[in-house]
Amino acid sequence: MNQEDIGAIRLTLELATIVTLLLLLAGTPIAWWLAKSGSRFRNAVGALVALPLVLPPTVLGFYLLLLMGPNGPVGHFTEAMGWGLLPFTFPGLVLASTLYSLPFVVQPIQNSFEAIGRRPMEVAATLGASPFDSFLKIALPLAKPGLVTAAILGFAHTVGEFGVVLMIGGNIPDRTRVISVQIYNHVEALEYAQAHWLAGGMMAFSFIALLILYTFNPAKK
Amino acid sequence: MKRLFLTLFSLSAIGAHAADIKVAVAANFTAPMKQIASDFEKETGNHVALSFGGTGQFYAQIRNGAPYDLLLAADEKTPEKLEREGLAGGRFTYAVGKLVLWSSKAGYVDGEGKVLKEGSFGHIAIANPGLAPYGAAAMQTLKGLGLLDSLSPKMVQGENISQTFQFVASGNAELGFVALSQVWKDGKLVSGSAWVVPAKLYSPIRQDAAVLSSSKEKTAAAALANYLKGEKARAVIKSYGYDFQ
């Protein structure tokens, strides 16, 4: 493994950590709303969140490239804020990966919230707990398996992301060149030995992540 | 009599046999090849199926038994390598690519490439020089101009020349080195502004083709290869800004 490979590994872990934290923060309220809301927009929002599950990552990456570019609305906004344009930057990757991994975090949490049912929250309310209190002290602890699943899936999925980064990253060492892009570079350059190191490592990592998931969270018998 | 009949019948069957030729085409040659393939189909009645992609990817696929008949590579290395490994033969240069510095904005790139020295842009896109011949040619050009070190921090890389074009076309990179064939049609620039890099600044980008040894349609594939060398195909290739040896 060379210096570039190690740089790519470090960058990927950094990206996945930040994205997972952001996803837990943003995904939990979305999951709660989806689980509890009676709004007529609920299905539409649910479908929107699930889009990255079925869209080819290149489609998402292509639209992000256009939206975040100098002629896109997101690009106009970030330039007006003085942040510059997001493609080819680490924050751009963070934003793209957050969108891309959103369903992998929202759905397990949503399932956990739905499984809790109304009763525990109603009991808490009759005992005088505020809705926010009962959310923190009852709903969140009861949804812990879902939160753990969400964190592991969100992290692993971000590590494995390729198409979106390929479209908006620009292959810049230590800024946007993640492991999956580096594997692609090795394969394309016919450096199969180096590709095996990274690709094999990725297989092992993904397997271990899922193994932990299933050990921690065994299917209900 | 019966025998003669049978012979005639089988001969006519051979004559009517329309081959199905599968061609792996380098991404930068997409537009001209579509036109050439459709002309060839009309003239011969054969069917041509085109796959577009990166040459490195095609190499990996061919080594693993992909059923292509003809490879139109973006370089000369890959067909040569395949020939050495006994996987292809009959190499020839079907086009010589030209490098262009291009911006999607009109008037942004001047006719002499001075914009490179001014350096008032945020990003300059090139194709990955380790993978794409046009990327290697871009690096060679910048090195020759003595601008490589000053421009490196602004450089973004597309994995292939199509993606590099996309970075520039979407305006995310103000300018970039792409293949002339991507921005050139009927002898003129399609949009934006460009500097056609003088050929003396980089080694010629020879794009070679080869018929694959595993092909089941070798005759038809060779006919298409020959057609590529013909006047009609060459006129198409030239109109997209390619040269010949």
Side-chain angles (χ1 to χ4, degrees), chain A residues 2 4-5 8 57-59 61-76 78-79 83-90 92-93 96 162-178 180-192 194-196 199, chain B residues 26-27 53-64 73-75 77-78 80-82 84-85 103-105 108 121-133 135-136 151-176 192:
Chain A
N2 60 28
E4 289 189 343
D5 292 343
T58 40
V59 169
F62 178 60
Y63 281 123
L64 283 174
L65 185 69
L66 296 184
L67 288 176
M68 306 195 311
N71 305 316
V74 180
H76 284 306
T78 54
E79 281 203 308
W83 299 335
L85 293 171
L86 289 176
F88 318 131
T89 64
F90 185 73
L93 284 200
F162 173 64
V164 179
V165 178
L166 193 73
M167 296 297 271
I168 65 160
N171 193 23
I172 305 169
D174 299 324
R175 281 206 341 243
T176 61
R177 187 187 288 162
V178 296
S180 55
V181 171
Q182 185 69 357
I183 293 174
Y184 179 86
N185 286 341
H186 284 320
V187 172
E188 281 286 287
L190 314 180
E191 296 159 354
Y192 291 167
Q194 276 160 293
H196 277 310
Chain B
T55 301
Q57 229 163 323
F58 284 139
Y59 173 81
Q61 291 175 354
I62 290 164
R63 281 206 56 169
N64 291 293
D75 61 3
K77 256 187 342 210
T78 307
E80 194 189 329
K81 198 164 178 198
L82 285 168
R84 235 183 306 129
E85 290 164 342
S103 169
S104 57
K105 279 183 267 182
Y108 193 85
F121 43 83
H123 294 293
I124 177 165
I126 70 167
N128 188 329
L131 312 178
L151 291 183
S152 283
K154 299 181 169 187
M155 217 176 259
V156 295
Q157 292 180 4
E159 292 309 320
N160 53 46
I161 201 69
S162 312
Q163 213 204 340
T164 310
F165 173 81
Q166 209 175 73
F167 285 161
V168 185
S170 64
N172 282 297
E174 289 91 333
L175 73 178

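Order of the sequence lines fixes the chain letters, A, B, ..., with proteins taken first and strands second; residue numbering starts at 1 for each chain.
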#### Entry: Heavy-atom pair count under 4.5 Å with chain B, highest-scoring of A:V187, A:N185, A:I168
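Ranked by contacts with chain B, first place is A:N185.
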### Message
Using a 4.5 angstrom heavy-atom cutoff, name the option from A:G169, A:G75, A:P87 with the most pairs to chain B.
### Response
A:P87
### Toward chain B, the part of A:I172 with a non-hydrogen atom under 4.5 Å
side chain
### Message
Does any backbone or side-chain atom of A:M167 lie under 4.5 Å from a heavy atom of chain B? Answer side chain, backbone, both or neither.
### Response
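For A:M167, backbone and side chain are both near chain B.
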Nearest heavy-atom pair of [X] and [Y]: which atoms, and what distance?
{"X": "B:F167", "Y": "A:L166", "value": "CZ-O, 4.2 Å"}
{"X": "A:F88", "Y": "B:A173", "value": "CE1-N, 4.1 Å"}
{"X": "A:P70", "Y": "B:G171", "value": "CG-O, 3.0 Å"}

Heavy-atom pairs under 4.5 Å with chain A, option from [options] with the top count:
{"options": "B:N160, B:N128, B:T164", "answer": "B:N128"}
{"options": "B:E159, B:Q163, B:Q57", "answer": "B:E159"}
{"options": "B:Q166, B:R63, B:M155", "answer": "B:Q166"}

### Message
Within a 6.0 Å radius of atom OH on A:Y63, are there more than 12 heavy atoms belonging to other residues, nucleotides or ligands?
### Response
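No, not enclosed.
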### Query
B:K81 versus chain A, heavy atoms under 4.5 Å apart: side chain, backbone, both or neither?
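Answer is side chain: those atoms of B:K81 sit under 4.5 Å from chain A.
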### Query
To the nearest 0.5 Å, how far apart are CG in A:L85 and CG in B:N172?
6.5 Å
